[in-house]
Every structure is written in C-alpha cells, then in structure tokens.
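Computed from a predicted model, the values in this text were never measured in an experiment. Just so we're on the same page: letters track the sequence lines, and every chain starts at 1.
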Number of protein chains: 2
Amino acid sequence: MRSVEPEAQAADRTARARIRDAAIDRFAVEGFGTSVRTIAADAGVSPGLVMHHFRSKDGLRAECDQYLLATIRRLKRENVRIAAAGQTFFQRFASAEENAPVLGYVLRSMQDGGPLAREFIAHMVDDAVGYAREGVAAGALVPSRDEAARARYLTLSSLGALLLEMTLDPPSDPRDLAGIVRRYLATSYLPMLELFTEGYLTSRRVLDEYLLHLPDTEGS
Amino acid sequence: MRSVEPEAQAADRTARARIRDAAIDRFAVEGFGTSVRTIAADAGVSPGLVMHHFRSKDGLRAECDQYLLATIRRLKRENVRIAAAGQTFFQRFASAEENAPVLGYVLRSMQDGGPLAREFIAHMVDDAVGYAREGVAAGALVPSRDEAARARYLTLSSLGALLLEMTLDPPSDPRDLAGIVRRYLATSYLPMLELFTEGYLTSRRVLDEYLLHLPDTEGS
DNA sequence: TAGTCTGCTGAACATGCGTTCAGTCGAACC
DNA sequence: GGTTCGACTGAACGCATGTTCAGCAGACTA
C-alpha cells in the first residue's frame, strides 16, 4: 500500500515530497552516488525516514524516475509545438526555471543508463519523427530514406554531444541548464546549421555506394 | 623515484605491468568503480602490492591514463592516413584486437570526464581539423566558416552518440568494440551519410539569419 | 483516560571500500 | 654467513555507505 499517491500537488508540505524533491535535486546536481544521509539532511529529515517512506535507495530513485516521467509528459503536453529544426527544444526546456532539475536529472540518468533515460530518448525520437514528417510535408526538410533512423541519429548525436561537452568540462553551476545549453550552442550552432543546410560531402559517391551495398541488410 | 619506467616492452612478466594491464581491462569493462581488490585478484597479486607500486588507486589510474595516452599516440603515428569522412576511424581503431581495451578505457574515461578524455578529444579534434583541411583542398568536403568549430562539433556528436547508444543499452560483450561500433554504424551510417551529402534543411534561411546576428561574437 | 497507529528519530549494524603496516621471502652484496 | 634491500603478503584499520530497529511524540479512536 505504498504506491505513488497523488499527494503534494503544489505545496511541498509532506516530508515524503520534500525527500523526493531533495533527492531529485541532489541526483541532478551530483549524480546518483549521493548518499541517503545527504538527501535526508537536505529535506530536514532523518535517514531512517527515507527508508520508511521508500523501502530503499533504489526505491527512492524509482519513485523519482516515475515522478520525473510524469512531469515530462505533462511538460510535453504543454509544449506541443516546437520549431522544425528541433534544437530550440533544449532552449525552451531549459529556460523554464521550474524545469531545470528535470533536465539535470534526465541528463544524469543518461550518463547512468537507467530505464528513465531509455524512455526519455524514445519519447524524444518519437517527437523528432513527428516534426520531421511535418517538416518534410511542408517542404522545409529534406526527406530521408529511413525517417526513424534519422530521427534517432539526430536525437542521439545532439544529446550525446551536449552530454559529452558537459562531462568534459563541467559547468560551474550545474543548476543553470539554460546557461549550459547556451554555452553549448554558442560553439555548436554554426557548424550544425552549416551541416544542415550545406552538407559536408561535395560528392554523392559515398552515399550512393553505401546504398548499393545496402541490400545485404545485416541484422537490426 | 617512482615515475613511469620503460619496462615491460612485450612480455608482461613484472607484477607491476600485470597490475596495470588488469586495471586497464577492468576499468574499460566495468568502469572506474572497480575495487583495488578485484584488480589485484585479476593480476594474481595481493591488494597491498597495488599500493606498494602505485601509491594509491588514483596513482594507479594516473599511470593507466599516462600509459594509454602513450599507446594512443603510437597507434596514431601508425595510422596516419584516414579516410576523409573520418568515421571509419572507429572501425579501424576498434578492429585491431590489441586496441579493444584502449578504446574501452577511453570511452569509460569520457563517461567519467577525466583529463585523459579531454586530451583524447583534443587529439581527435586536431586530427579532424587536418582531415577537413585536406578534404576541402581536394574539393571533397564543403568548406566551413569555422573549421575548428566544425571539427569539434563533428567529433563530439559522433563520439557522444556512440557513447549514449552504448549507455542506453550496454553491449553483451563490452570487450567486443568492433561489434559495438558495427552495431552503431548499422543504424546510424545511413542517416549520417544522408545528412552529410543531402543536408537536412531545404532553405538557407535559418543559417543566413544566424549569420546576420552573428557579429555579436561571444567568446572564441 | 487508555489504546493504538503513524510519522519520525537516531543510534547501531553489516558491508565494502581505500589504505596501512608488521612481517616474510629471496636474491644480491660484502 | 651475515646483512641489506625490495618485492610481496594478508590481516587489520578507519571510514562511508545502505539499511535496520527499538522507541518516541502526537493525533486520532473508543
């Protein structure tokens, strides 16, 4: 009888919600290695209470994942319309102060490889497929031979680059996701746009050759 | 007086080298959280000896980093010529059996964000700049307004995507880097080639607008 | 008032970690 | 042979962690 209750809509009164929020924040800022004691202290609570409400640290994380997933779904329902290029998604996502811990948590999750990360990526890829379809229909985007593969590739490379950049030199303030994304785009937006509008290779040779050899489809 | 000696050229006789190699392998396969005891057991040695040779676990890792960096420089000196597109680099790198732990270690290092990762990325970006220059000169590659930024972007997004893919669903055999890269390219090579030769956006509008607003050059 | 139940505490436990250290072994030197 | 020195062992230390548990306080019910 300890499933996720619909408590704490707006006020973070209950200790349970306080613990959950503290955990999300700590996990986002310093990773999942954060100790239960630290989270408890943040929430102004004893370590024992954490185990009382969630059965274990993994239980805590599971509930955080679940809560974040619900939050993300809600945010996405609000932000139905996104520019065709799809990159401003980050800007919008990170700019809202409320969302900062959410994105931070998701990025940590990606570094860690949990199920939340898989789910989140799947959502983003689905979205990207949708935007690509609209973009192609509107004539704004070049069609692909495999829209799903392209959407996945674009999503993974964008997120992967951002993640890698963050890991290589971590931001001074891990909470300022907007600043992080801004810093990332400051150096990456130009080459990205160049690549998207002018391409990289001058000849079709490599692509055509690959397409010829393609029928030997090997596995998934 | 405990700097890196030029010992153990070919034979892994000395316990010191055995520990180092075991550490590299464990670090590559299961990350830097591996315990000293496990590494010692792999090398058929007591935990104490690890501390005797390297002063601490960090000392061990530092020496691994240094050793890997030297190895990478050597490998690169051998592989001077790489295709213009630059992606086959992984294939070549990963295909050599000898290099598998090297790439694995480097990838782990990137997940972790150590100085080795920074150095390695810097090398790759430098290389990419060189290849791009050659490619542009030969007319095979579209020139960029900022070759350094493009090289960095392409490197980070390729590596980031590979890393993210690996984190999201880890390979059954983390040692089989060639298989991992093959699996990655199986789904990503087509969209990558499409993007490189046909682009993504049909209109120059977004790029041109960005270029107009650019003169407020912020940073490098 | 007595009983009970729930949120909650904080000391204690068990475990695994990096690290230390007293001491053994064997070879090299005088 | 005696001495010294470096490689090496393995038990032990100190610490941080996740987790447990006996018990407390206060608000309900009867």
Side-chain angles (χ1 to χ4, degrees), chain A residues 1-9 11-65 67 108-109 111-112 114, chain B residues 1-9 11-65 67 108-109 111-112 114:
Chain A
M1 301 298 178
R2 201 174 274 118
S3 63
V4 187
E5 295 128 29
E7 35 72 61
Q9 300 279 15
D12 49 349
R13 290 281 155 66
T14 83
R16 202 188 147 91
R18 259 174 19 239
I19 294 171
R20 193 232 300 125
D21 292 345
I24 289 175
D25 198 68
R26 279 283 177 185
F27 285 158
V29 169
E30 54 187 55
F32 297 105
T34 313
S35 74
V36 170
R37 283 171 234 269
T38 305
I39 294 169
D42 283 359
V45 133
S46 78
L49 190 61
V50 177
M51 314 309 292
H52 174 71
H53 279 304
F54 318 90
R55 292 160 50 90
S56 64
K57 190 186 181 182
D58 279 348
L60 211 205
R61 172 156 182 203
E63 181 136 337
C64 287
D65 277 18
Y67 180 78
R108 282 289 169 195
S109 189
Q111 248 174 344
D112 205 71
Chain B
M1 303 294 179
R2 205 175 270 117
S3 63
V4 187
E5 294 128 30
E7 33 73 62
Q9 301 279 14
D12 49 348
R13 291 278 154 67
T14 83
R16 203 188 145 90
R18 267 186 358 252
I19 294 172
R20 193 232 300 126
D21 292 346
I24 289 175
D25 198 69
R26 280 283 176 185
F27 285 158
V29 169
E30 53 186 56
F32 298 105
T34 313
S35 74
V36 171
R37 286 166 170 81
T38 305
I39 295 170
D42 283 359
V45 132
S46 78
L49 190 61
V50 178
M51 315 308 293
H52 175 70
H53 279 304
F54 317 90
R55 292 161 49 89
S56 64
K57 189 185 181 182
D58 279 348
L60 211 205
R61 173 157 182 201
E63 180 138 337
C64 289
D65 278 18
Y67 180 78
R108 281 288 169 195
S109 190
Q111 247 176 345
D112 205 70

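Straight-line distance from the CD1 atom of B:I39 to the P atom of C:dT19: 11 Å, rounded to whole Å. Rounded to an integer number of Å, the gap from NE2 of B:H52 to C1' of C:dT24 is 14 Å.
Under a 3.5 Å cut-off, the side chain of A:K57 and the backbone N or O of A:T34 do form a donor-acceptor pair.
When all heavy atoms of A:S56 and A:M51 are compared, the closest pair comes out as CA-CE, 3.3 Å.
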Inset, instruction - Any chance you could list the contact pattern along nucleotides 13-28 of chain D? Use B for base contacts, S for sugar-phosphate-only contacts and - for none, protein heavy atoms under 4.0 Å, 5' to 3'. - result: ----BBBB--------
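A distance of 13.5 Å separates SG of A:C64 from CZ of A:R26, quoted to the nearest 0.5 Å.
When the side-chain contact (heavy atoms from CB on, under 4.5 Å) test is applied to A:R108, the partners found at least two apart in sequence or on another chain are A:F32, A:Q111.
Only one option out of B:D42, B:V45, B:I24, B:T14 pairs with B:I19 in a side chain to side chain contact (heavy atoms under 4.5 Å, CB included); it is B:V45.
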